*Asks:* 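Here it is, the structure in full.
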Amino acid sequence: MRCAPLVTRGPVLDVASGSGRHAKFFASRGLEVIAVDRDAQSIPGVRFVQADLENGSPWPFAGQRFGGIVVTNYLHRPLLPVLARSLAEQGVLIYETFMLGNEKFGKPSNPDFLLRPGELLQAFADLAVVAFEQGQTQKAVVQRICAIRGEAGSVRIPA
């Protein structure tokens, strides 16, 4: 939520949207939003695309650029460079998911679905990092990044 005000234009892509919590939030701010998930959803005010991003299907947004991309509680490593390429100039990426150490809290516990320390920094090294956190919360071990495609001097720090 701290970085959400940095997303000032759409379209915003909500990846692995589930029921659309983040898609609804950005749509309520008057932004064009596209949500993608493998399970069909109906999210008022949001264009929904059903796609299984993990089973060799082509990226359904080839050639599109997004003013914002949000991903939470989802990790499919082959998608990370695709997301970086899909971010428009001055577009904002907000990504948060579980990392190693989360297994003591339950699921996910499979290392295939847990980030390694600093992995989001490495995956999005070509973007200007606004904020990065990793560590234990009350309920999980997570890693978070907010990054912008553009020069570091163009970055506004969220209040």
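These numbers come from a predicted model, not from an experiment.
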*Asks:* What's the separation between atom SG in C3 and atom CG in L93, rounded to the nearest 0.5 Å?
*Replies:*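 Answer for the SG-CG pair, C3 versus L93, is 10.0 Å.
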*Asks:* Does one hydrophobic cluster hold both F105 and F98, with members joined at side-chain heavy-atom distances below 4.5 Å?
*Replies:*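 Not linked; separate clusters.
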*Asks:* Check whether any side-chain heavy atom of V15 sits under 4.5 Å from a side-chain heavy atom of L79, and report yes or no.
*Replies:*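 Answer yes - side chains close enough.
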*Asks:* Hey, can you tell me if Y74 and H76 have their rings parallel, tilted or perpendicular (30° and 60° cut-offs)?
*Replies:* tilted
*Asks:* Taking side chain as C-beta onward, heavy atoms only, is T137 less than 4.5 Å from R144?
*Replies:*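 Yes. Closest side-chain heavy atoms under 4.5 Å.
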*Asks:* Between E103 (side chain only) and G101 (backbone N and O only), is there a donor and an acceptor less than 3.5 Å apart?
*Replies:*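 Side chain of E103 to backbone of G101, a donor-acceptor pair under 3.5 Å: yes, one is there.
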*Asks:* Is there a donor-acceptor pair closer than 3.5 Å between any side-chain N or O of Q50 and the backbone N or O of R38?
*Replies:*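 Side chain of Q50 to backbone of R38, a donor-acceptor pair under 3.5 Å: yes, one is there.
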*Asks:* Using every non-hydrogen atom in the two residues, find where M99 and V142 come nearest and quote the distance to one decimal.
*Replies:* SD-O, 3.3 Å
*Asks:* Search all heavy atoms of A123 against all heavy atoms of L80 and return the closest pair with its distance.
*Replies:* CB-CD1, 3.8 Å
*Asks:* Taking all atoms of both residues into account, what is the closest heavy-atom pair of V46 and A27, and its distance?
*Replies:* CG2-CB, 3.9 Å
*Asks:* Within the distance-only criterion (no hydrogens, no angle test), does the side chain of Q134 pair as donor or acceptor with the backbone N or O of G118 below 3.5 angstrom?
*Replies:*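 Yes; judged by distance alone, with no hydrogens or angles, the pair exists.
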*Asks:* Just how far is it from atom CD of E119 to atom CD1 of I145, taken to the nearest 0.5 Å?
*Replies:* 11.0 Å
*Asks:* Taking E32 for the side chain and R47 for the main chain, is one N or O donor matched with an acceptor at less than 3.5 Å?
*Replies:*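 The answer is no, because no donor-acceptor pair under 3.5 Å joins these two groups.
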*Asks:* With the side chain counted from C-beta on, respond yes when V36 and I34 share a heavy-atom pair under 4.5 Å apart, and no when they do not.
*Replies:* no
*Asks:* Grouping I, L, V, M, F, W and Y whenever their side-chain heavy atoms are under 4.5 Å apart, do F132 and L83 come out in a common cluster?
*Replies:*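 Yes, it is one cluster - the side chains of F132 and L83 are joined through contacts under 4.5 Å.
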*Asks:* Side-chain contact, heavy-atom cut-off 4.5 Å: P60 with L53?
*Replies:* yes
*Asks:* Aromatic contact between F66 and F61, with the criterion being ring centroids under 6.0 Å apart: yes or no?
*Replies:*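 They qualify: ring centres under 6.0 Å apart.
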*Asks:* Any link between L100 and L120 through a network of hydrophobic side chains (Ile, Leu, Val, Met, Phe, Trp, Tyr) touching at under 4.5 Å?
*Replies:* no
*Asks:* Would you say the side chain of L6 lies within less than 4.5 Å of the side chain of C146, judging by non-hydrogen atoms?
*Replies:*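 SC-SC contact between C146 and L6 confirmed.
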*Asks:* Heavy-atom count check: over 12 atoms from other residues, nucleotides or ligands less than 6.0 Å from D52 CG?
*Replies:* yes
*Asks:* Please report the closest heavy-atom contact between A23 and A35, naming both atoms and the distance.
*Replies:*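 Minimum heavy-atom contact is CB-CB, 4.2 Å.
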*Asks:* Which pair of non-hydrogen atoms, one from P44 and one from S42, has the smallest distance, and what is that distance?
*Replies:*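 Nearest heavy atoms, P44 then S42: CD-O, 3.7 Å.
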*Asks:* Using only atom types and a distance under 3.5 Å, with no angle test, would you say the side chain of N102 pairs donor to acceptor with the backbone of P108?
*Replies:* yes
*Asks:* Under a 3.5 Å distance rule, please check whether D37 uses its side chain to pair with a backbone N or O of S17 as donor and acceptor.
*Replies:* yes
*Asks:* Where do Q41 and S19 come nearest, in terms of heavy atoms and distance?
*Replies:*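 For Q41 and S19, the tightest heavy-atom pair comes out as OE1-CA, 3.6 Å.
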*Asks:* How many angstroms lie between atom CZ of F113 and atom OG1 of T97, to the nearest 0.5 angstrom?
*Replies:*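 It comes to 10.5 Å.
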*Asks:* Any side-chain heavy atom of V70 sitting closer than 4.5 Å to one from F26?
*Replies:* yes
*Asks:* Looking at NE2 of H22 and CD1 of I43, how far apart are the two atoms once the value is rounded to the nearest 0.5 Å?
*Replies:*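 The CD1 atom of I43 is 11.5 Å from NE2 of H22, to the nearest 0.5 Å.
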*Asks:* Given side chains that start at C-beta, do those of L75 and R77 come closer than 4.5 Å, heavy atoms only?
*Replies:* yes
*Asks:* May I ask you to decide if G91's main-chain N or O and R65's side chain share a donor-acceptor pair within less than 3.5 Å?
*Replies:* no
*Asks:* If hydrophobic clusters are built from ILVMFWY residues whose side chains come within less than 4.5 Å, do L114 and Y95 share one?
*Replies:*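 Different hydrophobic clusters.
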*Asks:* Look only at the side chain of R149 and the backbone of A84, and say whether a donor-acceptor pair between them is shorter than 3.5 Å.
*Replies:*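 Side chain of R149 to backbone of A84: a pair is present.
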*Asks:* Is there a side-chain contact between L87 and F124 (heavy atoms, below 4.5 Å)?
*Replies:*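 L87 vs F124: side chains apart.
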*Asks:* Backbone N or O of A4 within a donor-acceptor pair of the R29 side chain at under 3.5 Å?
*Replies:* yes
*Asks:* Could you tell me whether the side chain of Q143 and the main chain of L115 form a donor-acceptor pair under 3.5 Å?
*Replies:* no
*Asks:* Does L121 share a hydrophobic cluster with L127, counting links as ILVMFWY side-chain heavy atoms below 4.5 Å and allowing steps through other members?
*Replies:* yes
